[in-house]
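Every chain is numbered from 1, with letters handed out A, B, ... down the list of sequences.
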Amino acid sequence: MPDALPRRRITLTVNGKEHSAETEDRYSLADFLRHGLGLTGTHLGCEHGVCGACTVLVNGEAVRGCLMLAVQAEGCRVTTIEGLADDDGALSPLQQAFMDNHGLQCGFCTPGILTTLTAYLRDHPNADEPEIREALSGNICRCTGYDTIVRAALAAARTIREGAKA
Amino acid sequence: MSSTAFVGQRVKRLEDPDLLTGKGQFLDDLKLPGLLEAAFVRSPFAHATFTEIDAEEARAMPGVHAVLTARDLPAEMQGQRILLQVPHPQITNAVTQEPLASREVCFVGEAVAVVIADNRHLAEDAAERVIVDWEPLPAASHCDAALKPGAPVTHSSMTDNIAGRLNLGYGDVDAAFRNAAHVVEERYAPHRGTGHPMECRGVAAVYDVVGDAFRIWTSTQTPHNTQRAVIDMFGLSEDKVRVITPDVGGGFGPKNQVYPEELVIPAAARLLGRPVKWAEDRREHFLTTTQERDQVWDVAAAVDADGVLLGVKGTLIHDAGAYLPWGIIMPYISATTLPGPYKLPAYRMAVTVAFTNLVPTTPLRGAGRPQAVFAMERLMDAVAQKLGLDPAEVRRRNFIQADEMPYDMGLTYRDGAPVMYDTGDYPQAQALALAKAGYDDFPARQKAALAQGRHIGIGIGNYVEGTGLGPFEGATIRILTNGRVAIYTGAAAAGQAHRTTLAQICADEMNVDVTDIDVVGGDTGVMPRGAGTYASRITVNAGSSVRVASIELRGKALALAAAKFDVKPEDVELTHGAVRIKGEQGDSITFEELAKMTSGMPGYALPKGVKPDLEASGYFTPPQATYSNGSHVAEVEVDAETGQVKILKYTVVHDCGTVINPMLVDGQVQGGVAHGIGNALLERMVFDADANPLTTTFADYLMPTAELVPDCDIVHMESPTPLNPLGAKGAGEGGTIPAPAAIVAAVESALTPFGLRITDCPITPQRIVELIQTAQETIQEDH
Ligand code: FES
Ligand code: FES
């Protein structure tokens, strides 16, 4: 065991803000965001890539924060749940739809589900229910039984489509 | 005076804005200055002894502040075990865990040492370097085998694996079987799996040297239990131990215990004079967080020529795991739940609780009821098969009728009161569920599907569930000097939206908006007494306390304002955060001013003879449990090649008395059904013959996902209970309880052409294929 663990400085943009910080090479992106930057909205449910709670957007793509090393995010654009609402605090259409449709109970899985669906609905604004269920199949929620999440996603998709038309 | 602007409405949750924006404060999110983190050294063996722990190398590693073994714990903890939470006279061996095992470990994952370091990564590095001189011993790996003569013992100090025995029943069972036209008899082996809230457990502690006091945050359903256990362990007075629940990411039962870590982490914080935190990871959760697991039922039903029940008798073996943190309450609940909604003239159940070298078991969503309902509903289906009757018809012939309520089952419930069903219409619940599910047309659907080579099936699950258990839960309501109303309660939430529910009840009485109410729960510092969030009891107990206390507080606010205006209390009324004199031009005074009058603030005089008292507390103590009920109907399609099950339609009729917020109850039911689907089809905690856990990731242990769980068709019936001022019963577990019974029955119905019986669950695809193969082999042998 070496005395000093390998560390390096990384620079990345998180929720629109540039950060430069030291991290141990072995830190996952999720651990770095939570403990390095204090962005504790990203949660860890399994740390082995199955539950999806840790999902964040890296350069716009949904990525498991527990499976990616922080150092791999050098130069990347990262979005976490803290970055989904407008700058003025207005909830995104998806967040609002979760509130309106009871899309969460304990809220622990919610950050990963919101980030997953944010990317998915951006790319698939016309998604139907089976497609949304498939998109969600990598996120475990123990509380809700998913139905209200699916409804929230469908409602958000409608809002997004209407917004695009307007 | 009280209106129902909020109670009964789909009020949106007060919890959501924070949770949707990443502002939730879960245990691992707490930022405490100077925080150290812990990792535990855990047993790799299901059963072993040890004498020496060599932590020298670990202690010297970078960032490590301490490595503690049982011997290094404070003097008060030496030789102590965790307080037994539910004592029972029939427990033969009331053994709970040590905070750190001192010489013997009895399940894989039991902790023997803790490393405290600058962060979790460093603590884990060091934990790997701790050397223990393990001496492995034979292990008891299944509750059934554990009771056989010569089986390895779970604890080397014991001569057998019996943790307790219970004998329950009533009526002349022998006569019932003598006079029976038919007897059906089967062995059922339901497995429950685990709770798996998405947030694992965790605890953080700060020790205040000046006050000799602990502040402990823990991801628990029962902060007061943790407080009691810490007080008991350290011999402190109540005011020295404050336990706070942060946001809790799901509970489902397993967070309803006191765990070793909740004692060791405070001890470490005191020893080191620094805040210390431990956040469980998922692997630790699989190994050390309590589960529910296996029961084995050998049961027989005696019926007359029409399929009417005369008696049920049998034995039940219940897997306790290695310790008894919750005593033997689960098998007790199982045995008293079995009769369900049916008239059962005679009943006898002999229960044996068996120790095994597996992680302990404690109540998990449904708490012993899903297994009992599985056994009873499978028996009903067996009777139907034997007599050539429709399963729904057999149930119809046996229901307790609505006009027979209250109905005394002849048993004693876990609260010591008789099992006395309060209200409910069981025949109507099933009739509604069948109608919604299109039950009458099913045979035609099934025939048409079969013609296309598709196997579809339908199954029923009925249940009655004791909820709203006492002894009490409290609430204090106060008008604050900022004009807001605060509710303080001992009840801790884990996603059930207590804040919203309790605010709805209070808002109606105080005539304010729900958003004008602050709810502080799960903190022993604001509410000195509390039981906990389990047994679907919070709406009934805390909710009733909120109602009672709100009414009292309303009276106090009116009296104070009336005295101020020098009018009679009848002449004033509450209006949105103020009290005014009735009538057009009446004078009024805001809550803010009333609170300031009673706060001792200079310049705010109290009217003569009025006490400075603008708060009220209630501790509702229910006379007995309330009984929720429901009927589920599942329709499934089974792929006979692969064993895959698809749930085509799932219907729920749910009766939990008065519904405070239908949106939240729907959420509880839908989420509960999802858990039940896991129990029926996926979730099995597998151990090998040496009691080593084999399923320790979500890749091995499958949880239900959005592709498996359908949108349930939920219908509410409301049979208000007279037992509390709300008329409410519990709603948190009913979704789960009958789901395995209904789904397994549906799978069996789908596989009718193969002529097989299913008596266990979960029935994974492998299991279904295996059952089909066995059935086909039996047919071939018969020819
Ligand atoms: S924590 Fe990353 S997938 Fe579960
Ligand atoms: S809301 Fe609790 S896990 Fe999804």
Side-chain angles (χ1 to χ4, degrees), chain A residues 1 3-5 24 26-27 31 34-35 38-51 53 80-85 89 91 95-96 98-100 102 104-111 114 129-130 132-151, chain B residues 10 12-13 15-26 28-29 31 61-62 119 121 125 129 195-200 247-252 281-283 493-497 663-664 666-675 677 697-699 703-707 709-712 735:
Chain A
M1 172 74 38
D3 272 353
L5 292 153
E24 278 181 33
R26 63 178 175 174
Y27 264 58
D31 279 342
R34 290 178 52 78
H35 303 300
L39 293 170
T40 51
T42 299
H43 298 153
L44 292 158
C46 71
E47 294 173 81
H48 51 253
V50 183
C51 77
T80 68
I81 184 174
E82 287 96 338
L84 294 183
L91 298 180
Q95 286 169 312
Q96 187 60 47
F98 266 63
M99 171 115 189
D100 296 341
H102 189 23
L104 66 160
Q105 290 185 22
C106 77
F108 196 81
C109 69
T110 311
L114 288 175
E129 176 172 341
I132 285 174
R133 286 187 180 269
E134 197 190 329
L136 270 174
S137 64
N139 290 79
I140 303 175
C141 172
R142 188 53 139 178
C143 297
T144 62
Y146 304 103
D147 173 47
T148 53
I149 297 178
V150 173
R151 272 192 250 166
Chain B
R10 306 180 81 87
K12 284 183 199 161
R13 302 191 342 149
E15 289 81 354
D16 287 357
D18 280 354
L19 294 173
L20 284 168
T21 52
K23 294 195 195 83
Q25 283 293 305
F26 295 89
D28 196 33
D29 304 345
K31 299 177 183 90
M61 285 176 66
N119 60 52
H121 290 69
D125 291 343
R129 301 305 173 97
H196 282 303
M198 291 321 296
E199 182 204 27
C200 295
D247 286 327
V248 174
F252 312 114
D281 65 26
R282 187 59 62 180
R283 187 182 143 79
Q496 303 90 337
M663 178 184 86
L664 299 177
D666 283 350
Q668 286 295 318
V669 172
Q670 171 79 24
V673 170
H675 202 145
I677 289 171
T697 70
F698 283 145
M703 301 270 281
T705 64
E707 288 185 294
V709 182
D711 172 7
C712 298

Nearest heavy-atom contact between A/Arg142 and B/Met198 is N-CG, 3.9 Å

If one checks every heavy atom of A/Leu84 against chain B at 4.5 Å, the contacting part turns out to be neither

Closest non-hydrogen contact found for B/Cys200 with A/Gly45 is SG-O, 4.5 Å

Under 4.5 Å to a heavy atom of chain B? For A/Glu134 that would be both

Notebook entry, point to check: With under 30° as parallel and over 60° as perpendicular, where do the rings of A/His43 and B/Phe26 fit, or are they tilted in between?
Noted result: perpendicular

Checked B/Gly667, B/Ala674, B/Gly250, B/Ala699 vs chain A; the most non-hydrogen pairs under 4.5 Å come from B/Gly667

Residue from A/His35, A/Glu24, A/Glu129, A/Glu47 scoring the most non-hydrogen pairs under 4.5 Å with chain B is A/His35

Greatest number of non-hydrogen atom pairs under 4.5 angstrom with chain A, of B/His196, B/Glu199, B/Gln25, falls to B/Glu199

From the list A/Arg133, A/Glu82, A/Arg151, the residue making the most non-hydrogen contacts under 4.5 Å with chain B is A/Arg133

Most contact-rich option vs chain A, by heavy-atom pairs under 4.5 angstrom, among B/Gly195, B/Gly251, B/Gly735, is B/Gly195

Most heavy-atom pairs under 4.5 Å with chain B, out of A/Leu136, A/Ile132, A/Ile149, A/Asp100, belong to A/Asp100

Correct closest heavy-atom pair for A/Phe108 and B/Gly249 would be CB-CA, 3.9 Å

> With distance as the sole test, does A/Tyr27 use its side chain to make a donor-acceptor pair with the main-chain N or O of B/His121 at under 3.5 Å?
Replying inline: no

- Between B/Gln670 (side chain) and A/Gly145 (backbone), is there a donor-acceptor pair under 3.5 Å? yes

Applying a strict 4.5 Å limit to non-hydrogen atoms, the region of B/Asp281 in contact with chain A is both

Nearest heavy-atom approach of B/Thr21 to A/Leu91 is CG2-CD2, 3.6 Å

Check: A/Arg34 and B/Asp28 side chains under 4.5 Å, non-hydrogen atoms:
yes

Most contact-rich option vs chain A, by heavy-atom pairs under 4.5 angstrom, among B/Thr705, B/Val709, B/Asp29, is B/Asp29

So, the part of B/Ile677 with a heavy atom under 4.5 Å from chain A: the answer is neither

Most contact-rich option vs chain A, by heavy-atom pairs under 4.5 angstrom, among B/Val669, B/Asp666, B/Leu664, B/Asp18, is B/Leu664

* Check for a donor-acceptor pair, side chain of B/Arg282 on one end and backbone N or O of A/Cys51 on the other, with a separation under 3.5 Å. => no

One option among A/Val50, A/Thr144, A/Leu104, A/Thr110 has the most heavy-atom pairs under 4.5 Å with chain B, and it is A/Leu104

The interface call for B/Met703 against chain A, heavy-atom contacts under 4.5 Å, is side chain

What one should report as the nearest heavy-atom pair of B/Asp125 and A/Leu5 is OD2-CD1, 4.5 Å

Ranked by heavy-atom pairs below 4.5 Å to chain A, first place among B/Gly24, B/Pro704, B/Ala706 goes to B/Ala706

Honestly, the part of B/Gln668 sitting under 4.5 Å from a heavy atom of chain A is both

Practice item. Look only at the side chain of B/Arg13 and the backbone of A/Gln105, and say whether a donor-acceptor pair between them is shorter than 3.5 Å. Key: yes

Closest non-hydrogen contact found for A/Cys143 with B/Phe252 is SG-CZ, 3.7 Å

